[in-house]
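Letters go in sequence order (proteins before strands), and every chain restarts at 1. Owing to the predicted nature of the structure, the values given are computational and were not obtained by experimental measurement.
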Amino acid sequence: MIVTLNTRRYMAHDIEIILSRQLADSLSVPVFIVDTDGTLLFYNEPAEYILGKRFVDTGAMPVAEWSTLFQPFDDDGNRLLPKELPLVKTLYRKEPAHGSFWIKSLNGSSHKISVTSFPIIGRAKKFSGAVAIFWTDQKAKE
Amino acid sequence: MKINLLGTRGSHPISNQESVYYGGSTPCIQVSSGQHQIILDAGTGIVNLRSSRSEKKEHHILLTHLHMDHIQGLGFFEPLFDSESEVHIWGPVSSQDSLFDRLQRFLSPPLFPLSLRDVPCDLHVHELADEKFTLQGFTIFTRFISHPGPTIGFRIQNGEKSMAYIPDHEPMIGSLDIYADANWLSGYDLCNNCDLLIHDAQYSTEKYLKRVGWGHSSIKHAAELAKACGAKHLVLFHHDPSHTDEMLNSLFEKFIDGNDYTFPIELAREGMEIDL
Ligand SMILES: [Zn+2]
Ligand SMILES: [Zn+2]
């Protein structure tokens with residue numbers, strides 16, 4: 001007899017998220033990994049410079065917390081809302097997104113950065129979260 | 001729950017004087033409890049399953065993945081050719097082809113004389129992702145794990161007792177250490193506090209470093225994962241086909257002498273029976 005039971009609550013992340021971290025750990029570009037709620041599950045060492053935090057100290061962070069840590073703003077100096085960030089767009093639409101905006105670093109200077117994000121959808125078509133890769137375009141606006 | 005190791009060798013079957021003790025058949029495990037029985041993987045060890053064949057009409061084969069060492073015996077599972085048998089094959093879903101189509105690629109000419117489509121038994125093929133279901137009185141959990149191609153591991157619960165079966169697994173690609181945090185451990189939910197873990201341990205540490213990304217564990221990976229998950233007993237499985245009995249014993253002794261794990265660890269042996 002075969003009976004399907006309710007979905008179990010797992011302790012470990014989906015394998016696609018775990019493997020994304022293994023990749024992120026080995027890259028020199030900053031990487032964020034979020035779950036479907038936008039909780040920042042992991043950020044690698046290069047990304048620690050963007051956030052001004054260390055992953056070992058913070059662990060996972062809710063979207064409301066991490067999305068304001070680096071104070072993103074547009075070319076005209078207007079603050080960006082979390083929903084305007086590529087990674088948050090990817091979470092809503094389950095599709096890749098890209099964008100460029102400014103962030104303030106810890107020493108007060110501003111940097112223009114670009115972000116490319118993509119959804120993590122595994123073999124069973126389950127949406128597990130998203131990954132964002134960052135890079136700095138140029139330095140300006142002291 | 002009785003666990004009968006019918007095949008323990010990884011990659012390809014072997015037959016030589018130097019490897020008689022641990023055996024040369026590829027992965028297949030019979031798990032039974034009373035009248036209930038399931039079969040894990042269909043390596044060449046499946047042909048060792050001769051005893052109760054004629055008595056049963058409903059058969060369940062649960063495949064971790066479709067690498068050849070895990071399905072090579074499938075075409076020699078006699079109930080497939082018995083019109084009175086009901087055979088259920090369970091295995092990992094893929095993003096593209098169905099499980100049936102993927103199995104059919106192997107079980108059809110020119111690789112096999114008959115087509116899976118034409119076997120006379122009542123055949124059912126079931127695709128699995130991350131799931132929980134009951135089958136033959138067992139509660140079964142499946143979880144995708146780190147290995148090339150769609151691969152799942154199994155946790156089988158029978159009353160209070162549980163076993164996990166992860167025969168092919170590279171928990172951390174390119175690293176001898178595993179993440180300290182359970183959230184980030186491939187296979188964690190399968191092994192968490194299990195009474196028995198049957199796990200890939202194909203390589204020595206030195207050999208693992210030359211085979212990064214091939215999808216297998218060193219003995220240390222297996223032991224560290226078992227420790228992190230609180231497994232109560234570890235059976236090292238999927239032996240490298242180049243490792244003779246003597247080499248396996250020597251690798252194992254060297255590893256055990258340098259460590260002090262608090263749970264029993266042993267090498268899987270073809271014909272080994274474990275009572276849980
Ligand atoms: Zn294998
Ligand atoms: Zn394999």
Side-chain angles (χ1 to χ4, degrees), chain A residues 1-28 31-45 47-48 53-62 94-95 118-129 131, chain B residues 36 38 58 60 88 90 92-97 124 126-153 155 157 169-175 178-193 212-213 228-229:
Chain A
M1 187 178 57
I2 300 153
V3 182
T4 303
L5 306 171
N6 292 334
T7 311
R8 185 171 183 238
R9 174 118 180 87
Y10 294 110
M11 296 234 350
H13 301 304
D14 290 336
I15 190 64
E16 298 82 1
I17 296 284
I18 291 174
L19 292 174
S20 297
R21 174 174 174 175
Q22 292 191 23
L23 174 63
D25 263 338
S26 58
L27 296 180
S28 61
V31 176
F32 283 13
I33 301 170
V34 297
D35 70 8
T36 54
D37 297 329
T39 299
L40 183 57
L41 297 175
F42 177 73
Y43 50 99
N44 63 359
E45 254 181 68
E48 292 180 343
K53 301 263 183 193
R54 281 165 49 87
F55 179 68
V56 288
D57 298 330
T58 65
M61 270 191 281
K94 298 181 191 169
E95 57 189 40
F118 57 90
I120 302 294
I121 300 172
R123 296 180 183 111
K125 311 284 193 286
K126 181 183 171 195
F127 177 53
S128 301
V131 169
Chain B
H36 295 133
I38 56 176
E58 185 184 326
H60 294 271
H88 295 258
W90 305 72
V93 69
S94 151
S95 56
Q96 302 300 321
D97 295 341
H124 302 262
H126 310 269
E127 299 192 332
L128 296 168
D130 293 339
E131 338 232 353
K132 177 186 179 186
F133 55 101
T134 62
L135 178 65
Q136 295 280 296
F138 300 107
T139 301
I140 298 173
F141 300 92
T142 57
R143 200 77 164 113
F144 280 111
I145 50 114
S146 174
H147 187 66
T151 307
I152 50 177
R155 180 188 179 101
Q157 194 90 29
H169 192 205
E170 187 172 11
M172 281 289 284
I173 299 170
S175 167
I178 58 171
Y179 289 129
D181 184 347
N183 287 341
W184 293 97
L185 287 182
S186 170
Y188 179 83
D189 291 292
L190 302 171
C191 318
N192 185 13
N193 280 316
V212 169
C229 297

Not counting sequence neighbours, which residues clear salt bridge (Lys or Arg N to Asp or Glu O under 4.0 Å) with Lys126(A)? List them please.
Asp14(A)
Is Ser186(B) close to chain A through its backbone or its side chain, or both, or neither, when contacts mean heavy atoms under 4.5 Å?
both
Intermediate values then yes/no, side-chain contact (heavy atoms from CB on, under 4.5 Å), Asp181(B) and Phe42(A):
CA-CA 12 Å; Asp181(B) 184 347; Phe42(A) 177 73; over 6 Å; no
Is chain B contacted by the side chain of Ile121(A), its backbone, both, or neither, given a heavy-atom distance below 4.5 Å?
neither
Name the region of Leu23(A), side chain, backbone, both or neither, that has any atom closer than 4.5 Å to a heavy atom of chain B.
neither
Of all heavy-atom pairs linking Ala129(B) and Ala124(A), the shortest is CB-CB, 3.5 Å
Any side-chain heavy atom of Leu19(A) within less than 4.5 Å of one from Phe144(B)?
no
Trp184(B) side chain near Gln22(A) side chain, heavy-atom distance below 4.5 Å
no
Against chain A, work out which of Pro150(B), Gly187(B), Ala182(B) has the most heavy-atom pairs shorter than 4.5 Å and name it.
Pro150(B)
Within a strict 4.5 Å, meaning less than it, do heavy atoms of the Asp130(B) and Ile15(A) side chains meet?
no
Which portion of Ile173(B) sits near chain A, non-hydrogen atoms under 4.5 angstrom
both
